[in-house]
Amino acid sequence: MKIQAVKGTRDFYPPQMAVRNFIVDGWKTASIRNGFVEYDGPIFEHLQMYQIKSGEEIVEQLFNFEDRGGRHLAIRPEITPTLARMVNQQINALPRPIKWFSVPRLCRAERPQKGRLREFFQWNIDIIDVEDVLADAEVVYCSLDYLRSLGLTRNDVVAKISSRRLLAAVLKNIGIPEARLDTLYPILDKKPKIPAEAFVEMLEKEIDDSDTVGMIVKLMDVQSVDDIPDLVELNDEEQAALDELAQVFAYLKQMGVEEYCRFDMGIVRGLAYYTGMVFEIHDAAGELRAICGGGRYDNLLSDFGGPKVTATGMGMGDAVLEILLREKGLLTDESVPVQTLDYFVACLDADLFGKALKVTAALRQQGHSANLNYKTNALKKQMKAADAMNAAKCIIIGGELKESNQLVVKDMKTGEQELIDAMTFLK
RNA sequence: GUGGAUGUAGCUCAGUUGGUUAGAGCACUAGAUUGUGGAUCUAGGGGUCGGGGGUUCGAGUCCCCUCAUCCACCCCA
């Protein structure tokens with residue numbers, strides 16, 4: 001009976017683990033560089049927690065189960081609800097603003113596809129209790145900061161930024177009732193992914209008035225924030241939303257990443273809970289799924305039973321990122337840092353094996369990484385083993401130990417070797 | 001849930017109009033070489049040809065079913 005890995009999961013053999021660590025370590029380093037501190041929660045939560053934000057239907061997309069106490073639980077498909085729960089629990093004790101990051105392992109019961117798996121890692125950063133759009137700009141900046149640190153340039157990636165608040169205000173202004181907005185968002189979100197005619201067709205199904213449909217199409221094609229006043233007469237709410245978005249861009253310019261950023265009315269995000277700036281970072285060619293996405297969600301904490309505290313954040317999965325980095329030649333199996341060994345201890349004579357063990361243990365005791373062959377076979381074999389483990393130095397225990405209590409220490413890189421008194425290692 | 005493609009060794013793949021005991025390269029193990037690593041050469045281990053059924057004297061090859069994987073759709077927190 002041969003059992004294989006579960007659909008949509010990956011095995012991380014040492015080479016793949018090195019790649020994963022490369023990505024995850026980069027995320028953590030970028031987070032810390034940008035002033036975020038790490039948190040984590042349990043990998044399963046009450047099923048109900050995911051229904052608050054995403055509705056009843058979400059259940060079929062989750063791995064859920066009942067525990068022996070009859071609790072309905074689910075493996076986490078995202079960490080934002082956990083974050084909301086944790087922050088709410090200690091809201092009065094936490095120093096503000098809260099800038100937290102996490103790299104949770106998540107599971108979703110979806111059909112696997114390119115860049116989309118059933119188990120994956122996702123870098124999350126969130127800033128809580130900062131009303132100023134500076135927090136939104138910081139989230140975008142931090143995402144770009146990481147991508148830039150990998151060697152991706154403005155020719156490789158683009159941050160597409162828009163505003164839910166602006167979109168809602170404009171739609172209301174052209175006569176869309178507020179209650180219709182939530183059904184419209186997923187359609188608008190699709191616009192960049194489908195042909196223009198299909199987009200119009202979908203809109204016409206929802207909206208009877210063809211003038212309104214035409215206006216929406218025009219709006220969605222707007223290339224710059226400055227063009228919006230030409231299309232609609234701005235009311236106070238629209239003006240405020242527009243100013244706010246302009247401020248996001250102003251901050252990003254001050255931080256020197258404006259050439260990565262672009263206004264894009266087509267960035268809507270399917271979910272209802274976004275309240276302000278929304279953004280996605282895509283590969284410049286637009287061939288892959290979004291590398292990351294996020295935005296402001298000022299109502300989430302109160303939806304989870306907490307006080308009304310503002311929040312903004314982003315999530316970046318490892319799957320699309322890895323595909324992009326490999327395509328760009330910024331990640332190969334050879335380019336990833338490999339695990340190395342400080343000392344490999346080779347033993348030439350079975351009689352001396354006890355000494356070899358002693359030296360190895362002493363090296364470990366001193367804080368070095370050290371390893372040895374379990375069999376005393378040909379030196380050639382042992383050198384090969386040392387090489388395979390990326391040993392920096394190889395200690396050879398042979399006749400010199402018997403004759404003058406000395407060991408051969410070979411530098412594996414230069415090939416040079418010297419005789420050193422055994423006591424140097426054994427003390 | 002829908003559609004398409006693909007399943008032969010750990011990996012990448014060959015395998016003729018159906019014909020005897022299923023092959024190569026890489027990887028792995030050992031040896032050439034009992035005191036010196038990445039190379040070379042030699043040898044070895046490793047396969048119920050995804051699984052089941054059918055056609056046939058005979059199936060890796062043809063037919064049916066099934067399972068799995070990948071890709072696209074749906075969805076995408």
Side-chain angles (χ1 to χ4, degrees), chain A residues 1-11 13 15 45 49-55 57-62 74-84 104 106-118 120 122 124 126 185-186 189-190 193-194 198 268-274 278 280 287 289-290 292-295 297 300 313-317 319-320 323 333 341 344 346-350 352 373 375-403 407-417 419:
Chain A
M1 185 73 173
K2 200 175 175 182
I3 297 175
Q4 59 187 122
V6 174
K7 180 199 282 284
T9 65
R10 292 167 288 179
D11 292 324
Y13 288 86
E45 294 271 7
M49 213 170 81
Y50 301 109
Q51 296 169 313
I52 294 174
K53 181 179 143 194
S54 311
E57 324 77 59
I58 200 71
V59 175
E60 15 185 302
Q61 308 210 47
L62 299 179
I75 301 177
R76 62 188 180 188
E78 57 170 330
I79 203 171
T80 310
T82 302
L83 171 72
L106 307 175
C107 293
R108 298 176 183 174
E110 300 175 295
R111 278 278 169 100
Q113 285 170 54
K114 189 177 182 186
R116 189 204 219 186
L117 299 157
R118 286 187 161 187
F120 56 97
Q122 190 185 63
N124 280 254
D126 291 275
Y185 289 145
D189 189 53
K190 279 199 186 63
K193 299 155 198 161
I194 59 176
V268 178
R269 314 276 297 150
L271 234 66
Y273 77 76
Y274 287 106
V278 283
E280 287 175 3
E287 283 162 2
R289 300 170 172 283
C292 73
Y297 52 98
L300 191 69
M314 116 28 235
M316 179 186 296
V320 174
I323 292 168
D333 290 340
L341 187 74
F344 186 91
C347 180
L348 298 174
D349 184 340
L352 295 171
N373 253 27
K375 276 197 299 190
T376 309
N377 49 13
L379 180 57
K380 192 175 183 98
K381 283 269 185 271
Q382 300 194 53
M383 296 297 293
K384 252 186 176 171
D387 192 53
M389 302 193 72
N390 302 306
K393 290 188 172 165
C394 185
I395 293 179
I396 302 167
I397 297 181
E400 299 86 349
L401 187 68
K402 288 178 183 165
E403 290 154 19
L407 305 173
V408 176
V409 178
K410 174 168 183 157
D411 186 303
M412 295 296 280
K413 203 161 198 173
T414 63
E416 286 165 19
Q417 52 188 53
L419 277 170

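Convention: sequence-line order gives letters A, B, ...; per-chain numbering from 1. Bear in mind the structure is a predicted one, so any value in this text is a computation, not a measurement.
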Return a single string for nucleotides 72-77 of chain B, one symbol per nucleotide in 5' to 3' order, where B is base contact, S is sugar-phosphate-only contact and - is none, cutoff 4.0 angstrom on heavy atoms. SBBBBB
Test Glu280(A) against Arg269(A) for salt bridge (charged side-chain N to carboxylate O under 4.0 Å, His left out), laying out the working first. CA-CA 9 Å; Glu280(A) 287 175 3; Arg269(A) 314 276 297 150; 3.0 Å; yes
How far apart are the closest heavy atoms of Gly8(A) and Leu117(A), and which atoms are they? O-CB, 3.4 Å
What contact category does Gly399(A) fall into here, base, sugar-phosphate, or nothing, at under 4.0 angstrom with non-hydrogen atoms? base
Looking at the side chain of Asp387(A), which of rU69(B), rG35(B), rG37(B) is the nearest nucleotide? rG37(B)
Can you tell me, in whole Å, how much space there is between the C1' of rC73(B) and that of rC64(B)? 28 Å
Rounded distance in Å between the C1' positions of rC67(B) and rU29(B): 34 Å
Measure all distances between protein nitrogen or oxygen atoms and nitrogen or oxygen atoms of nucleotides 26-28 of chain B, and list the pairs falling under 3.5 Å.
none

What interatomic distance, in whole Å, is found between P of rU20(B) and the corresponding atom of rC49(B)? 16 Å
Could you state the atom-to-atom distance from CG of Leu419(A) to P of rU36(B) in whole Å? 15 Å
Take a 6.0 Å sphere around NZ of Lys53(A) and say whether it holds more than 12 heavy atoms from other residues, nucleotides or ligands. yes
Could you tell me how far apart Leu117(A) (CG) and rC71(B) (C1') are, to the nearest whole angstrom? 13 Å
P atom, rU48(B) versus rC63(B): distance in rounded Å? 24 Å
From CZ of Arg118(A) across to C1' of rC70(B) the rounded distance in Å is 14 Å
Hey, could you give me the CE/CE distance between Met412(A) and Met383(A), rounded to the nearest 0.5 Å? 4.0 Å
Side chains of Leu407(A) and Glu400(A): does their closest heavy-atom pair fall under 4.5 Å? no
Please report the distance separating the P of rC65(B) from the corresponding atom of rC70(B), rounded so that it comes out in whole Å. 23 Å
Side-chain N or O of Lys380(A) versus OP1/OP2 of rU36(B): is the shortest distance under 4.0 Å? no
Let me know the distance between CD1 of Ile323(A) and C1' of rC70(B), rounded to the nearest Å. 12 Å
Given side chains that start at C-beta, do those of Asn124(A) and Leu83(A) come closer than 4.5 Å, heavy atoms only? no
Say we look at rA22(B) and rG4(B): how far apart would their C1' atoms be, to the nearest angstrom? 30 Å
By the 4.0 Å heavy-atom rule, please label Gln382(A) as base, sugar-phosphate, or nothing. nothing
Nearest-angstrom distance, C1' atom, rG31(B) to rC11(B): 25 Å
Take atom P in rG10(B) and the same atom in rG51(B), then report the distance between them in whole Å. 13 Å
Watson-Crick and G-U pairing of RNA chain B written in dot-bracket, each distance under 3.5 angstrom, with | for inter-strand partners: (((((((..((((.....[...)))).(((((.......))))).....(((((..]....))))))))))))....
To the nearest angstrom, how far is Leu352(A) atom CG from rG35(B) atom C1'? 13 Å
If you define the side chain from C-beta out and look only at heavy atoms, does anything of Leu419(A) sit under 4.5 Å from Val408(A)? yes
Classify the nucleic acid contact of Ile396(A) as base, sugar-phosphate or nothing, counting any heavy atom under 4.0 Å across all strands shown. base
At 4.0 Å (heavy atoms only), tell me whether Lys410(A) reaches a base, stays on the sugar-phosphate, or touches nothing. base
Can you tell me how far P of rG37(B) sits from CG of Leu379(A), to the nearest Å? 7 Å
What nucleotide among rU36(B), rA30(B), rG37(B) has an atom nearest to a side-chain atom of Lys384(A)? rG37(B)
What is the distance from CG of Asp349(A) to C1' of rU34(B), rounded to the nearest Å? 10 Å
